Amino acid sequence: MMLLVVLFALAAIVWMLPLIQAGRTFQLATLVLVVGTVFGPSFFAINGPIQLSLDRLLWVAMFAFVAIRWRMGELKIPELNRVDAVIAAITVWLLISVVIGGANPPKEPPPIAKWLFCIAMPVGMYVIARISEVKESDLQWAYRMLLGLGLYLAVMALFEVSGMHSLVFPHYIVDPKDWEFFGRGRGPLLNPSGNGIVMCGALAIAVLGVIRSTFRMRAFYIALCTVLLVGVYCTLTRSAWMGAIATVAVVALIYSPRWVRVLGLATAILIGGAGVLGLKDQLLRMKRDKNLTSADAEKSIQLRPLLAVVAWEMFKDRPITGHGFGHYFAHSSKYHSIRSYDMPLENARPYAQHNVFLAMLVDSGLIGLSMFIVMLVTITSMAWNLARDEGHSVAIRCGGLVWLGTFAAYFCNGMFQDVTIIPMVNMFLFFAAGLAVSLYERGVETRRVERPMPMENFSGVSLAQ
């Protein structure tokens with residue numbers, strides 16, 4: 001393991017030096033996402049008061065570099081807008097919520113760690129994306145990196161499910177000692193939903209490539225979409241499948257005529273409804289994890305109404321401020337003993353909330369949930385307008401699609417589990433948010449050139465406008 005760490009550090013230095021010399025903080029942030037996904041804490045970590053890993057050290061180095069550039073006057077901080085204010089407010093409120101939540105059970109992770117790795121660090125990615133001077137070459141570089149990452153995740157997921165474990169890298173992905181989600185395409189994040197969300201971000205870029213690329217490159221993007229969809233299927237996670245469908249639908253919705261949108265929506269509802277009705281039992285009892293039976297899979301669905309009841313009772317006790325961010329298990333125990341509902345609430349005791357909005361409501365109250373929803377709705381509106389504005393280049397419009405695709409997958413998965421507890425998912429979400437807001441507010445950095453150059457697509461081939 002140490003040899004791998006040394007080799008990775010050397011490779012990272014080789015990648016970072018040109019980016020630092022050129023002052024491309026946006027590209028450096030994209031590299032942090034890739035490193036955090038593939039070489040995160042599960043790959044290598046130093047445990048202490050704060051767990052240190054390769055991606056977290058790179059995140060700190062990125063901010064040190066940004067601070068130096070700002071101090072030297074090479075970086076201009078944009079004016080604060082309404083999204084910046086809401087994100088700053090929710091970050092501060094969740095920190096306050098951690099403090100007022102009271103003591104935490106001894107065996108549970110400290111709530112401040114959840115705030116640091118699941119909120120503060122992702123918000124840091126938003127900050128970097130907001131303050132970076134973004135050129136179209138930066139966007140194309142980032143899109144290639146995200147496409148490559150999505151392709152890697154899809155191939156690893158296929159290897160996981162097909163049993164070709166010797167080909168999986170890093171090998172901890174298929175370590176049976178870490179039994180949760182084993183046998184599914186859980187990827188280096190060790191979570192099939194998180195794996196699916198990251199692949200859906202790449203899928204949005206690939207679908208746009210199919211729509212807007214030249215005829216010669218279209219086959220390449222179709223193949224790439226196919227691999228990504230196979231990877232999402234290999235997660236064996238219903239919400240991940242829904243996220244992939246939603247991602248494709250969002251891109252198609254933007255680039256299709258109105259009559260195609262209406263016809264497509266009606267067809268999807270009819271086919272989807274018929275499919276769900278005909279395959280209801282198979283979907284509910286689908287065997288996914290190697291260590292769990294199909295009955296266990298069905299049980300996971302039955303738990304969600306129980307968790308919703310617990311969330312409702314907890315909300316009634318503390319509706320405004322919540323019970324404290326990261327303090328769910330410290331306060332939920334007594335609510336599982338309620339007998340007035342004639343439901344086996346005790347069965348849900350070991351489980352966290354399985355809905356991102358209910359989790360936010362219980363932990364941070366209406367204050368936290370309202371700010372969270374305002375943030376998501378505002379950024380989605382900006383990204384939608386950005387993606388539909390035909391006055392922008394394809395690369396800029398794709399910045400809006402990256403948010404829309406990532407958020408579509410985030411929402412679909414978040415309706416069935418608390419995705420805020422997957423740190424890298426939040427890193428991608430806030431990075432996509434910062435990208436969309438920055439492009440909406442400032443566009444891209446332009447420089448004078450000797451002669452006009454054709455805009456390149458994500459693989460270096462001109463796209464048809």
Side-chain angles (χ1 to χ4, degrees), residues 1 3-5 7-8 34-45 146-203 206 220 222-245 247-248 275 279-301 409 412-413 416-417 419 421-425 428:
M1 176 63 76
L3 177 61
L4 286 175
V5 172
L7 292 176
F8 166 79
V34 175
V35 172
T37 303
V38 184
F39 303 104
S42 298
F43 177 76
F44 174 79
L146 294 177
L147 281 171
L149 178 62
L151 180 62
Y152 154 78
L153 293 176
V155 172
M156 291 302 108
L158 179 60
F159 288 163
E160 287 182 73
V161 172
S162 60
M164 294 187 287
H165 292 175
S166 61
L167 300 178
V168 175
F169 177 83
H171 196 67
Y172 71 81
I173 297 173
V174 289
D175 185 354
K177 294 179 181 178
D178 196 340
W179 60 269
E180 190 173 21
F181 308 125
F182 182 67
R184 297 157 71 176
R186 57 184 183 175
L189 301 181
L190 299 180
N191 187 293
S193 290
N195 204 24
I197 291 172
V198 176
M199 283 189 280
C200 284
L203 181 61
F220 166 76
I222 290 175
L224 188 56
C225 287
T226 302
V227 174
L228 290 168
L229 288 171
V230 169
V232 174
Y233 172 78
C234 288
T235 63
L236 303 181
T237 303
R238 291 168 287 250
S239 57
W241 299 346
M242 294 168 59
I245 295 171
T247 298
V248 175
L279 300 175
K280 179 181 177 182
D281 292 338
Q282 292 89 333
L283 288 172
L284 291 179
R285 298 184 62 86
M286 181 180 66
K287 177 176 171 59
R288 299 174 294 176
D289 299 21
K290 285 190 175 182
N291 297 321
L292 298 178
T293 65
S294 57
D296 293 322
E298 186 178 13
K299 179 183 176 182
S300 69
I301 296 178
C412 290
N413 284 275
F416 300 96
Q417 55 198 294
V419 289
I421 62 176
I422 312 173
M424 281 311 302
V425 166
F428 277 93

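It should be emphasised that the depicted structure is a prediction, and the values quoted were computed from it without experimental measurement.
- Residues E180 and L190 are not in side-chain contact: their nearest non-hydrogen atoms beyond the backbone lie 4.5 Å or more apart.
- Under the side chain to side chain contact (heavy atoms under 4.5 Å, CB included) criterion, C412 pairs with M242, A246, not counting sequence neighbours.
- Listed by chain and residue number, S193, S239 satisfy the side-chain hydrogen bond (donor to acceptor under 3.5 Å, both in side chains) test with N413 (two or more places apart in sequence, or in another chain).
- The two atoms that bring H165 and V174 nearest to each other are CD2-CG1, 3.6 Å, heavy atoms only.
- Contacts of L153 classified as side chain to side chain contact (heavy atoms under 4.5 Å, CB included), with partners at least two apart in sequence or in another chain: T37, L149, P188, N195, V198, M199.
- The closest donor-acceptor contact from the side chain of E160 to the backbone of V168 lies at 3.5 Å or more, if one exists at all.
- Nearest heavy atom pair, residue A409 against residue C200, reads CB-CB, 3.5 Å.
- When all heavy atoms are compared, the tightest approach of R186 to D178 is NH1-O, 2.7 Å.
- Residues forming a side chain to side chain contact (heavy atoms under 4.5 Å, CB included) with P423 (at least two apart in sequence, or on another chain): C118.
- Considering every non-hydrogen atom in both T235 and R184, the closest pair reads O-NE, 3.2 Å.
- Contact check for F43 versus V38: no side-chain heavy atoms found under the 4.5 Å cut-off.
- With sequence neighbours left out, the side chain to side chain contact (heavy atoms under 4.5 Å, CB included) criterion links D175 to K177.
- When every heavy atom of L224 is checked against every heavy atom of L151, the shortest pair comes out as CD1-CD1, 3.9 Å.
- Among residues two or more places apart in sequence or in another chain, the ring pair (Phe, Tyr, Trp, His ring centres under 6.0 Å) test is passed with F159 by none.
- A pairwise comparison of heavy atoms in A157 and G185 identifies CB-CA, 3.9 Å as the closest pair.
- In this structure the side chain of F181 never reaches within 4.5 angstrom of the side chain of L236, judged on heavy atoms.
- A heavy-atom distance below 4.5 Å is found between the side chains of F428 and L146.
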